[in-house]
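Below is one structure, written out as structure tokens, with a few remarks after it.
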Amino acid sequence: MPPEKLFTPGPTAVPWQVLETMSRPLIHHRTKEFREIHREAAENLKYVYRTSDPVVILTASGSGAMEAAVANLTRVGEKAIVIEVGKFSERWRELGEAYGLDLVVLKAEWGDPIDPDQVAKAFDENSGVGIVFVTHCETSTGVLQDVKTIARIAHEKGALIAVDGITSLCAQNVQTDDWGLDAVIGGSQKGFMTPPGLSFISLSENARERMEAGRHPVYYFDLIKAVKALEKNDTPYTPAHTVIIALNEALRMIKEEGLENVIRRHTRNAKATRAAVKALGLKLFSAMPCNATTAAVPPDGTADKIRNHMVERYGVRIAGGQGPVKGKIIRLGHLGYYHETDMYTMISALEGTLVDLGLSDTPGQGIEALLRSFAED
Ligand SMILES: *Cc1c(COP(=O)(O)O)cnc(C)c1O
């Protein structure tokens, strides 16, 4: 049997050029050779982030950089706004609780984004908010948040904004400098088409000043130390340098394709997938769909059956629902290294599954919708 194909919004497919770098004999991390690779990777991260701020590479999955943001950019008891619209934004709240922050939690139904007016209202009703924590693309529901407007509101009130961009970086327009995002978090196993193990965090001048002025006790996730080391193309501790070497290759590929083209490819794939899903008679779950994943609602009680059948019969692995939508939605991934022809693989597996399970008797509609969508674009 050919290997299973990943169509999950993390981990995502890794190109062979990236995998190949990981099979080379190990080098030492305190060498000129590795420092040069680290320098290039950190520089190219700035290109993807569209920033001139330092972007620190941490050896930890995405949640590690989220914890680093909370620990370094806040103090005990500090007031913070958390926007909670799904599983990953819930993590911001849980981190805020773990670090003893005074939280103002703004919630929306799963599948909906928050209206930025609600953020403005929360600022009016609560004085002394130091920071806003927001998830750009809520991967559990496929919802995109209007981070640009929320950043403007936060800055008008003198607050910082920390953005989980883990599934928006590479897939959406993320303007770290132009929108004034104080900290943006990324993860290697998402749009960066690299295996898991690394996370990234950019730090604006205001963010760096804030952490110098006082923060929680930190050790491993000390971002002041990490920024100082980065200035020397170094890390405070042993990094997962095999993964950084892989990341460097992936970033070279992104740069060669051109960030604009990479984002356009994601936009086309996402749009075509949504068209196919609708043509197949499934409802879209997200009121504001992002480019990383398409969340769809199949008939009651069939979501997990569909998902299992797709992987067992067709070798195509997609994701399911989490939390309150567990067993209710399927999530089709188009984040990372996917050509439009890969969308045919994913949609034909979904379409075949619907036919196999007796949920459709008009085969071809999903594929036709893909064809039409790609032809229009
Ligand atoms: C994947 C993901 C994370 C991080 O998860 P890790 O398992 O710690 O890498 C955080 N936020 C979002 C939006 C994600 O998609």
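Both ligands and their constituent atoms are indexed starting at 1 by order of listing.
The distance criterion of under 3.5 Å between nitrogen or oxygen atoms is met by Gln189 with respect to ligand 1.
Every atom of ligand 1 is numbered from 1 in the order shown, and the set under 4.0 Å from a heavy atom of Ser61 is 6 (P), 7 (O), 8 (O), 9 (O). Near Thr139, meaning under 4.0 Å from one of its heavy atoms, ligand 1 places the atoms 12 (C), 13 (C), 14 (C), 15 (O). Residue-ligand proximity, Arg91 to ligand 1, at heavy-atom distances under 4.0 Å covers atoms 4 (C), 5 (O), 8 (O). Each of the following atoms of ligand 1 lies closer than 4.0 Å to a heavy atom of Lys190: 1 (C), 2 (C), 3 (C), 14 (C), 15 (O). Ligand-side atoms of ligand 1 in range of Cys137: 13 (C), range being under 4.0 angstrom from any heavy atom.
Distances shorter than 4.0 angstrom do not occur between any heavy atom of Ser140 and any atom of ligand 1. Within the structure, the closest approach of Glu138 to ligand 1 does not fall below 4.0 Å when heavy atoms are considered.
Across Asp164, Ile185, Thr8, heavy-atom proximity to atom 11 (N) of ligand 1 is greatest for Asp164.
The number of heavy atoms from other shown groups lying within 6.0 Å of CD (Glu33) does not exceed 12.
Interatomic distance, CD1 of Ile131 versus CD1 of Ile81, reported as 11.0 Å (0.5 Å rounding).
The aromatic ring centres of His29 and Phe34 sit 6.0 Å or more apart.
Between Asn173 and Gln175, the shortest heavy-atom distance links the atoms OD1-NE2, 2.9 Å.
Between the side chains of Asp356 and Tyr314, at least one donor N or O lies within less than 3.5 Å of an accepting N or O.
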